[in-house]
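Everything on this sheet refers to the single structure shown next.
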Protein chains: 2
Amino acid sequence: MQKIELANREALRTILDGQPVLVDVQPAGSVIEGLGRNVILHSGPPISWERMCGPMRGAVCGIAVFEGWVADLDDAARAAASGRFAFHPNHHFGAVGPMTGMTTMSQPVMIVENKAFGNRAYCTINEGLGKVMRFGGNDAEVLERLRWIADVLGPALSAALTASGGLGLKSIIARGLAMGDEMHQRNVACSALFLREIAPSLARTSRDRDTLAEVMAFIGRNDQFFLNVAMAMGKAMTDPASGIDGSSIVTVMCRNGTDFGVRVSGTGDRWYTAPVEMPVGLFFPGYSQRDANPDMGDSAIVETIGLGGFAMATAPAVAGFVGAGSARDAANYTNAMYEITVGRNAEWTMPNLDFAGVPTGIDIRKVLATGQAPVINTGIAHREAGVGQVGAGIVRAPLACFEQALTGLAQQLGVD
Amino acid sequence: MQKIELANREALRTILDGQPVLVDVQPAGSVIEGLGRNVILHSGPPISWERMCGPMRGAVCGIAVFEGWVADLDDAARAAASGRFAFHPNHHFGAVGPMTGMTTMSQPVMIVENKAFGNRAYCTINEGLGKVMRFGGNDAEVLERLRWIADVLGPALSAALTASGGLGLKSIIARGLAMGDEMHQRNVACSALFLREIAPSLARTSRDRDTLAEVMAFIGRNDQFFLNVAMAMGKAMTDPASGIDGSSIVTVMCRNGTDFGVRVSGTGDRWYTAPVEMPVGLFFPGYSQRDANPDMGDSAIVETIGLGGFAMATAPAVAGFVGAGSARDAANYTNAMYEITVGRNAEWTMPNLDFAGVPTGIDIRKVLATGQAPVINTGIAHREAGVGQVGAGIVRAPLACFEQALTGLAQQLGVD
């Protein structure tokens, strides 16, 4: 048992010691090895085309059209069914993606480097709200936006970031937490702070003033812009904590709309999966729980570093948005997460809890001992392809993943 | 008594119905009638050179040099003592100014128009933190910054605002309150949201990319940039509520470092003054309460519209900054202010209090009945000229002002 405690202490320290810096934006195919033609990275643990949910299939078809690998959406579905595409989890390639999480060669990815450990993580750029590919949208408007992101926004951000020497993320998160962001369903503060930080460099490196205005307007009207930055940061911070012998700390939680996947430090890259749960929350006008797709996306990486549902106390405004109740309820979610984590992040504090640090380092033993599953704030996609986001809510990680993980860790440690 | 109730209801409705829009930035002398050579507007109620505190004198001397009316600071002091300058309160000219509150002809002022009532209010542009004129700073660095504001920043903001058709402020405040700003000692959210809103228009109208980058960097590194916008907004919202016969609602609270001044709707432009109190708070390294100047500035206009100390509950992070204690203490300040106000602002709510509206409309009768003086979050200037800001804290409006105001209102109503 002492071995586990020491290993967990090291895993926690590794997460807390991370120095994530957004360093550049580049086409995914140029920085992620093996990401070539007909290779599609998706959110969550491994899954075949046959088992993919509606919005995931919709996104696959859309991104194949976007990449020019197929003529149209029908052609894409046939190609997918015939096995022409290689599907892999983002997590197998140092990447993460929100909701459907499509990562393919031509899309620009933000590159977050963990300066303390030298590793890098990748995430695509957030497309905005409503009918977007991450929620299964795939029509001309969605693809046209992705094209603009690839042709204009990505290069603009790359120029600004390289000219400015990159953007340290820890301090932005610290400020955002004091401004009511939990960095999962509420990113308005960090999105605005991000633009504020990068605006001078964007101005200095812009192609022309109209492009600059477009870029600033696109970032400026998307309150969730920062989500994808926070996700790449989460991946960059947790990756070095993977593979610490004996550690029972969770390094990955993710979902593909069918299965929920967990990885634990002590067993490295091994997946523990179980069927995903259905988010419960609030729906946009015209939609209801009936329209909801089950839980989806790599975004739960932010909960593994103490943000999202774990930091709900600092974000009473998001509690309303996801249907979690009052300010007191929000605090209760965070307080419950202290029971399943091994430490607090002294750099990321919540004024509402008198500057208590966010609960960090999910210990699968504590999850099982308390029966308290990690809480995740999430967007809700329509269950059919092509529709998009219909709401936001709260979901729990399935306890079955943690049961399997404990068995796996015990086997590895030679304990029965 | 019913007359007072009805009048107060009208005053409250007038404040709440305001539609403040930041429409332009222009040199003060071109938009404020009577603001010519050797005319200096200052914060607080009327005051002579002889009774001015150290930082106010320092600012007067500095602004006279800036305007080119005198050769240097010594020359300025002699000119002031000899009566060469005409001193008037900002409030006599539809203006407000933070701390020393210097408004003179060459400085650009932000123009907030209350679209619901057609009136306009003015405030200079925030200079940033530390050694700045509003805190009594007056050396070459301070004046050079003011020059850049006049020559570069003012025209850039003017171009962007006129091109974009102006910036509605109510919704920015609503968002800022959900992001932990109380708009007096904490404006980081609104400052970032302001830049985010105006950035595309700044980009489209900028002179050149270096100027644009400078402007964005200046706004972006000043977490208090929005304070002056909020102040002009407060003035624009309360002015139409002045002069409602019988109303006991406070329309102005302000201080010049020597006297605290209050105006009440029912008695229009009449001042009720008493000696200012000393703020109690936290000091920057190297400074202590001994260095503090008494309470100063027109910024308490934000408390008259339910922000600042009145909205402390939503800003637990500022409670620490001003030495007000814990998150619970912050909520207690707001709860106490409900006891001295006549209504709540349904558009400006606080997630921490489960979206209760900010306490709005200070009733001098309630202040006196409860003995609860309005609480104000304030910056603290060094008591000597030329030093600048040394801390931030909390101060109370003196009860004596409210006693005089009640007597004045009673006389006006023919009641003894």
Side-chain angles (χ1 to χ4, degrees), chain A residues 160 163 175-181 186 188-206 208-223 225 313-321 325-331 349-356, chain B residues 160 163 175-181 186 188-206 208-223 225 313-321 325-331 349-356:
Chain A
R175 304 212 76 184
L177 284 168
M179 296 165 73
D181 276 8
R186 193 169 163 94
V188 55
C190 283
S191 297
L193 292 174
F194 172 89
L195 181 59
R196 187 171 87 148
E197 288 288 327
I198 203 172
S201 191
L202 275 173
R204 282 201 193 84
T205 57
S206 69
D208 57 75
R209 65 172 69 197
D210 284 339
T211 303
L212 177 64
E214 260 179 52
V215 163
M216 288 179 162
F218 182 86
I219 298 174
R221 68 173 169 254
N222 180 5
D223 287 351
F225 184 84
T314 207
V318 93
F321 181 65
S326 68
R328 180 177 297 267
D329 294 324
T349 66
M350 295 169 285
N352 276 353
L353 294 186
D354 290 326
F355 297 95
Chain B
R175 303 211 76 183
L177 284 168
M179 295 165 73
D181 276 8
R186 194 170 163 93
V188 55
C190 284
S191 297
L193 292 174
F194 172 89
L195 182 59
R196 186 170 88 149
E197 287 288 326
I198 204 173
S201 190
L202 275 173
R204 281 200 192 86
T205 57
S206 69
D208 57 76
R209 65 172 68 195
D210 284 340
T211 303
L212 177 65
E214 264 180 48
V215 163
M216 287 179 162
F218 182 86
I219 298 173
R221 67 173 170 256
N222 179 7
D223 286 351
F225 183 85
T314 207
V318 93
F321 180 64
S326 68
R328 181 177 296 266
D329 295 324
T349 65
M350 297 169 285
N352 276 353
L353 294 186
D354 290 326
F355 298 95

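Throughout, protein chains are lettered first and strands after them, A, B, ... in sequence-line order, and every chain is numbered starting at 1. Owing to the predicted nature of the structure, the values given are computational and were not obtained by experimental measurement.
- Counting heavy-atom pairs closer than 4.5 Å to chain A, the top residue among B/Ala178, B/Gly180, B/Ala330, B/Gly176 is B/Ala178.
- Per-residue heavy-atom pair counts under 4.5 Å with chain B were compared for A/Arg175, A/Met350, A/Arg221, A/Glu197, and the maximum is reached by A/Arg175.
- Interface remark: A/Asn352 contributes backbone and side-chain atoms alike to the contact with chain B (heavy atom separation under 4.5 Å).
- Most heavy-atom pairs under 4.5 Å with chain A, from the set B/Ser206, B/Ala217, B/Ala189, B/Gly320: that is B/Ser206.
- Expressed to the nearest 0.5 Å, how far CG of B/Leu212 lies from CZ of A/Arg204 amounts to 9.5 Å.
- The residue among A/Asp181, A/Val188, A/Thr314 with the most heavy atom pairs within less than 4.5 Å of chain B is A/Val188.
- Interface remark: A/Val215 contributes no atoms to any contact with chain B (heavy atom separation under 4.5 Å).
- Ranked by heavy-atom pairs under 4.5 Å with chain A, the list B/Asp223, B/Ile219, B/Thr349, B/Leu202 is led by B/Asp223.
- Of all heavy-atom pairs spanning B/Arg209 and A/Ala203, the tightest one is CB-O, 3.4 Å.
- The nearest pair of heavy atoms linking B/Ala317 to A/Pro351 is N-CB, 3.7 Å.
- Taken from CG in B/Leu195 to CG in A/Leu195, the straight-line distance is 6.0 Å, to the nearest 0.5 Å.
- Considering only heavy-atom pairs separated by less than 4.5 Å from chain A, the leading option among B/Ala192, B/Pro316, B/Ser326, B/Ala319 is B/Pro316.
- By number of non-hydrogen pairs under 4.5 angstrom with chain A, the leading residue of B/Ala315, B/Ala331, B/Ala327 is B/Ala327.
- Shown here for B/Met216 and A/Pro200, the closest heavy-atom pair between the two residues is C-CG, 4.1 Å.
- Taking chain A as the reference chain and counting heavy-atom pairs below 4.5 Å, the highest number among B/Ser201, B/Gly325, B/Ala213 is found for B/Ala213.
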